[in-house]
Asks: 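Dumping the structure here so I can ask a few things about it.
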Amino acid sequence: MLSEIPCYAAPCSFPETSPNLRNTSIPPWGDPALLPGAEGKKVLVVGDSWGRDAGDGIASALGKKGQAKNAAVLACGIRKPLPIPKTCPNWEVEWPALMDKVRPDAVLMSIQWDAGEQQIDPGGKRVTIRDDEARRRFVTNLDRAIRILSNRGTPVYVFGSTFAHTPNTVAVLLSGILLEFSKKYPGVHYLDLYHQLCNDLNQCPKEISGVPVYGTSVHISVETKVRIGNWILNSMFYHPVMRTKNT
């Protein structure tokens, strides 16, 4: 039933961090090294440009130790706006085929694009997922996407919003939805990408230790891509260590 889908009946919001737990200094900035566990693994990346950047980082971090299939596409999500961009995949058809072909050990999905304003009805205005009907359609599609990607019990990792987590914004709504899905669906894991690059005061340094965090290649620098790739892979496959900022 649609009413059983998380955040369908009412919006979900990302919880604020308790003041005594807030990081007010330099953010983690991914992981400096790839830890054991990713050897021989295959990772499929789907979604938008943040996924594409992350997929590049995963591939660089893995090197010849494993395989990364980067199927993420710039400016594409799962909301199916009108008109549907010709460059975006028909994910309900293409993602099952990718799962059959790649047989990944884990999947990363990034759907930042779906936080923006999109037209969802013919002749209708552009709305974000703060609109009730848009949110209901979004979580219905999210439920369908996760079921496709986790069909064989494959773990699915989802990025939270990459925008500033300030109260009553689309960012905290998107992150809240994805976090809630990770709690309700076995095998779905939330990755808090924003707080890898920014602290709890929404301060996002342009450089850390003299190295650029952001770059001209879509979103993040080459160095950051590798560090984020290490962090994602360690989150997926290095299990002995309890990690923070993701579940």
Side-chain angles (χ1 to χ4, degrees), residues 6-7 10-33 35 47-51 53-54 57-58 61 77 108-116 128-130 135 138-139 142 156-185 188-215 218-236 238-239 241-247:
C7 314
C12 297
S13 185
F14 192 79
E16 290 191 54
T17 305
S18 301
N20 60 316
L21 297 177
R22 289 177 183 169
N23 173 25
T24 59
S25 59
I26 298 173
W29 192 35
D31 286 346
L35 300 174
D48 54 22
S49 55
W50 275 98
D53 271 12
I58 290 170
L108 173 68
M109 178 172 64
S110 174
I111 46 177
Q112 308 303 315
W113 189 251
D114 288 320
T128 71
I129 55 174
R130 295 183 70 180
R135 185 194 73 253
F138 170 64
V139 297
L142 181 57
V156 178
Y157 291 75
V158 294
F159 277 161
S161 174
T162 55
F163 294 95
H165 282 49
T166 52
N168 303 313
T169 61
V170 175
V172 296
L173 175 58
L174 177 62
S175 289
I177 289 171
L178 293 166
L179 179 62
E180 191 66 19
F181 267 72
S182 75
K183 293 177 180 178
K184 298 293 178 62
Y185 289 64
V188 176
H189 306 270
Y190 181 84
L191 292 176
D192 193 349
L193 177 60
Y194 177 75
H195 288 106
Q196 288 295 314
L197 304 175
C198 309
N199 65 20
D200 287 308
L201 299 178
N202 292 316
Q203 297 170 334
C204 311
K206 295 181 178 179
E207 291 187 356
I208 296 178
S209 300
V211 179
V213 174
Y214 302 93
V218 186
H219 298 296
I220 50 180
S221 68
V222 172
E223 296 86 352
T224 299
K225 287 181 183 180
V226 175
R227 293 182 67 101
I228 293 299
N230 287 333
W231 170 66
I232 294 167
L233 291 166
N234 292 341
S235 299
M236 289 176 169
Y238 187 67
H239 302 301
V241 176
M242 294 296 292
R243 305 182 59 79
T244 58
K245 288 292 183 183
N246 63 288
T247 57

Asks: Would you mind reporting whether P6 and Y185 have side-chain heavy atoms less than 4.5 Å apart?
Replies: yes

Asks: Holding to ring-ring contact (aromatic ring centres under 6.0 Å, His included), I want the full list of residues that pass it with F138, two or more places apart in sequence or in another chain.
Replies: none

Asks: Checking T224 against H219 for the side chain to side chain contact (heavy atoms under 4.5 Å, CB included) test, could you report, in this order, the C-alpha distance in whole Å, the side-chain angles of both residues, the deciding distance, and whether it holds?
Replies: CA-CA 10 Å; T224 299; H219 298 296; over 6 Å; no

Asks: Quick one: does H189's side chain get under 4.5 Å of S182's, heavy atoms only?
Replies: no

Asks: Return the set of residues passing side-chain hydrogen bond (donor to acceptor under 3.5 Å, both in side chains) with W113 (not counting sequence neighbours), or none when no residue passes.
Replies: none

Asks: Any idea which heavy atoms bring W29 and P212 closest together, and the distance?
Replies: CZ2-O, 4.3 Å

Asks: Any side-chain hydrogen bond (donor to acceptor under 3.5 Å, both in side chains) pairs touching residues 202-213, not counting sequence neighbours?
Replies: Y194-N202, N199-Q203

Asks: If you count heavy atoms of other groups shown closer than 6.0 angstrom to CD1 of I26, is the number above 12?
Replies: no

Asks: For the residue pair F14 and H165, does the interplanar ring angle fall in the parallel (under 30°), tilted (30 to 60°) or perpendicular (over 60°) class?
Replies: perpendicular

Asks: Please, which pairs that meet salt bridge (Lys or Arg N to Asp or Glu O under 4.0 Å) have at least one residue in residues 170-179, sequence neighbours excluded?
Replies: none

Asks: Applying ring-ring contact (aromatic ring centres under 6.0 Å, His included), can you list everything that pairs with F163, at least two apart in sequence or on another chain?
Replies: none

Asks: Counting only N and O atoms by type, is there a donor-acceptor contact under 3.5 Å from the side chain of R22 to the main-chain atoms of E16?
Replies: no

Asks: For a 4.5 angstrom cut-off between non-hydrogen side-chain atoms, does C204 reach P27?
Replies: no

Asks: Under the salt bridge (Lys or Arg N to Asp or Glu O under 4.0 Å) rule, what pairs show up with a residue in residues 159-180, not counting sequence neighbours?
Replies: E180-K184

